[in-house]
Amino acid sequence: MKKFLLILSIFMGIYASAQEELKKDSAVVDTVKYWSVLGKNTLMINQAAFSNWVGGGANNVGWLAGINYNITYEKDNDLWENIIILGYGQNDTKGLGVRKTQDMINLSTNYGRKFSKSWYFSLGAGLQSQFAPGYEDGNNPKAKKISNFMAPGYVNVGIGITYRPNDDLTVTLRPTNARWTFVMDKDLQMAGSYGLKNDGDTSLLQFGFLGTAIYKLKIMEDIHLTNTASVFSNYLDRPDRLVLAYGAILNLKVNKYISSNITLDLLYDHNQIEKTQLKQTLGIGFAYTLDNGVKRSDRKDSQWWIKK
């Protein structure tokens, strides 16, 4: 939880500082006219209370906070896209105590140089992990620990091509991709855990193919679906054992500040567990979307924001 708040505060501090610099500079010259920012900040709360209820039930309260930002630079033949996804949530149930319900760190950056319409030579990197320990038996802290911050943590670095015909579809194919698996918790550094070769190992290097895709769909007014998918094949060891991941976020907007989210995540990674993993969440609460509209380079009046 402390790590989540630290990273969130650092990110918001950097963003606020950038906005302040923009206000100072924009009156003289539009120095960031090719940047676009789309971000969503959410706080979901759920609660249930029972008193003499024959059907049974346990009092509980839960919360889920997250940010999801897409920061893009696009000028001439250059395209630089950055994605920041952070999420953490807990539920406190009477008789069971506090349990973690959501825990996510997903950061990625991808730079491309256009060589044909909608096609780019690209290179990029990504980081995936979580903030807090995870346990068997529904995240029961008294049960066996199975994960922690950067245990596992995944870092991908590679080069390839990106297809981006519009803001709603991005497909990246990297036939040259290094994938590091980090296990920084000593309790989890055992042979076979997350693919580690020997007891005490802190990392595993894999080299192979990585393909990723993001597709955004507007189902109807104020209802949007975002799909993400990835596949990784390790050239060095059992390339037939693919690491497959799919995620979906269905956003139902009530008004400017209230919305509902339904998420679905599917994962298969032989080095984690030889079963398909599934996670689903549903929440309604406060949400604030930051959207600077079309890129300033697309407007005839490049200093439209000063005259508002």
Stepwise side-chain contact (heavy atoms from CB on, under 4.5 Å) check, Lys197 with Leu204: CA-CA 8 Å; Lys197 301 301 183 181; Leu204 170 71; 3.9 Å; yes
Donor-acceptor side-chain pairing of Thr72 and Trp80 below 3.5 angstrom: no
Output side-chain donor-acceptor pairs under 3.5 Å for residues 120-129, partner residues at least two apart or in another chain, one line each.
from   : atom 1 : to     : atom 2 : distance (Å)
Ser122 : OG     : Thr162 : OG1    : 2.9
Ser129 : OG     : Met150 : N      : 2.9
Ser129 : OG     : Pro152 : O      : 3.3

Distance-only donor-acceptor check, side chains Ser108 and Asn106, under 3.5 Å: no
Heavy-atom closest contact (Asp265 atom, Gly247 atom, distance): OD1-CA, 3.8 Å
Mutual orientation of the aromatic rings belonging to Tyr73 and Tyr34 [parallel < 30°, tilted 30-60°, perpendicular > 60°]: perpendicular
Over all atoms of both residues, closest heavy-atom pair of Gly211 and Leu173: CA-CD2, 4.3 Å
Result block: side-chain N/O donor-acceptor pairs under 3.5 angstrom for residues 188-195, not counting sequence neighbours:
from   : atom 1 : to     : atom 2 : distance (Å)
Gln189 : NE2    : Val183 : O      : 2.8
Ser193 : OG     : Leu188 : O      : 3.0
Tyr194 : OH     : Ile146 : O      : 2.5

Partner residues of Phe286 under the side-chain contact (heavy atoms from CB on, under 4.5 Å) criterion, sequence neighbours left out: none
Shortest non-hydrogen contact from Thr42 toward Ala287: CG2-CB, 3.9 Å
Point-to-point distance, once rounded to the nearest 0.5 Å, from NZ of Lys256 to OG1 of Thr289: 10.0 Å
Ring pair (Phe, Tyr, Trp, His ring centres under 6.0 Å) between Trp119 and Tyr163, intermediate numbers included: CA-CA 5 Å; Trp119 289 92; Tyr163 175 65; 4.7 Å; yes
side-chain contact (heavy atoms from CB on, under 4.5 Å) assessment of Trp63 paired with Gln90: CA-CA 6 Å; Trp63 63 274; Gln90 292 180 325; 3.6 Å; yes
Polar contact flag, side-chain donor to acceptor under 3.5 angstrom, Gln130-Ser147: yes
Any donor-acceptor N or O pair under 3.5 Å, side chains Asn110, Arg174: yes
Separation between OG1 of Thr276 and CG of Asp269, rounded to the nearest 0.5 Å: 11.0 Å
Side chain to side chain, Trp180 and Tyr154, heavy atoms closer than 4.5 Å: no
Joint hydrophobic cluster, Val171 plus Phe115, side-chain heavy atoms closer than 4.5 Å: yes
All side-chain contact (heavy atoms from CB on, under 4.5 Å) counterparts of Val254, not counting sequence neighbours: Ile258
Fellow cluster residues of Leu64, listed by chain then number, with links counted only when side-chain atoms sit under 4.5 Å apart: Met44
Criterion side-chain contact (heavy atoms from CB on, under 4.5 Å) on Leu107 and Leu86, from CA distance to verdict: CA-CA 8 Å; Leu107 311 174; Leu86 305 175; 4.2 Å; yes
CG on Leu250 to CD1 on Ile219, rounded to 0.5 Å: 5.0 Å
ILVMFWY cluster, Tyr88 and Ile84 together (side-chain gap under 4.5 Å): yes
Side-chain donor/acceptor of Thr176 to backbone N/O of Gly158, under 3.5 Å: no
Within one Ile-Leu-Val-Met-Phe-Trp-Tyr cluster: Leu196 and Ile273, side-chain cutoff 4.5 Å: no
Pairing residues for Asp168 by the salt bridge (charged side-chain N to carboxylate O under 4.0 Å, His left out) criterion, not counting sequence neighbours: none
Distance in Å, Met184 CE paired with Phe149 CZ, rounded so as to fall on 0.5 Å steps: 9.5 Å
Side chains of Ile223 and Lys253 in contact at under 4.5 Å (non-hydrogen atoms): no
By side-chain contact (heavy atoms from CB on, under 4.5 Å) - contacts of Phe232 (at least two apart): Asn177, Arg179, Gln206, Leu210, Asn234, Val243
Spatial distance of atom NZ (Lys186) from atom CG (Asp199) [nearest 0.5 Å]: 14.0 Å
Pairs touching residues 211-221 that satisfy side-chain hydrogen bond (donor to acceptor under 3.5 Å, both in side chains), sequence neighbours left out: Lys218-Glu221
Polar side-chain atom of Asn82 near backbone of Ile71 as donor-acceptor pair, under 3.5 Å: yes
Side-chain heavy atoms of Ser230 within contact of Leu244, under 4.5 Å: no
Spacing of CG belonging to Leu267 relative to CD belonging to Gln277, to within rounding of 0.5 Å: 4.5 Å
Polar side-chain atom of Asp201 near backbone of Ser203 as donor-acceptor pair, under 3.5 Å: no
Which atom of Ser259 lies closest to which atom of Asn251, heavy atoms considered: OG-ND2, 3.6 Å
Side-chain donor/acceptor of Ser233 to backbone N/O of Pro239, under 3.5 Å: yes
Smallest separation among heavy atoms of Pro165 and Ser118, with atom names: CA-OG, 3.4 Å
Ile105 reachable from Phe182 in the ILVMFWY side-chain graph, under 4.5 Å edges: yes
Within one Ile-Leu-Val-Met-Phe-Trp-Tyr cluster: Ile262 and Leu264, side-chain cutoff 4.5 Å: no
Where at least one partner belongs to residues 122-133, residue pairs that pass salt bridge (charged side-chain N to carboxylate O under 4.0 Å, His left out), sequence neighbours excluded: none
Pairs flagged by ring-ring contact (aromatic ring centres under 6.0 Å, His included) wherever residues 240-279 is involved - sequence neighbours left out: none
Qualifying salt bridge (charged side-chain N to carboxylate O under 4.0 Å, His left out) pairs with a residue from residues 90-105, counting only residues at least two apart or across chains: Lys100-Asp103
Check against side-chain contact (heavy atoms from CB on, under 4.5 Å), Lys114 and Arg164: CA-CA 10 Å; Lys114 184 183 291 186; Arg164 192 174 188 272; over 6 Å; no
Residue list, side-chain contact (heavy atoms from CB on, under 4.5 Å) with Thr93, at least two apart or on another chain: Ala58, Asn60, Asn91, Leu96
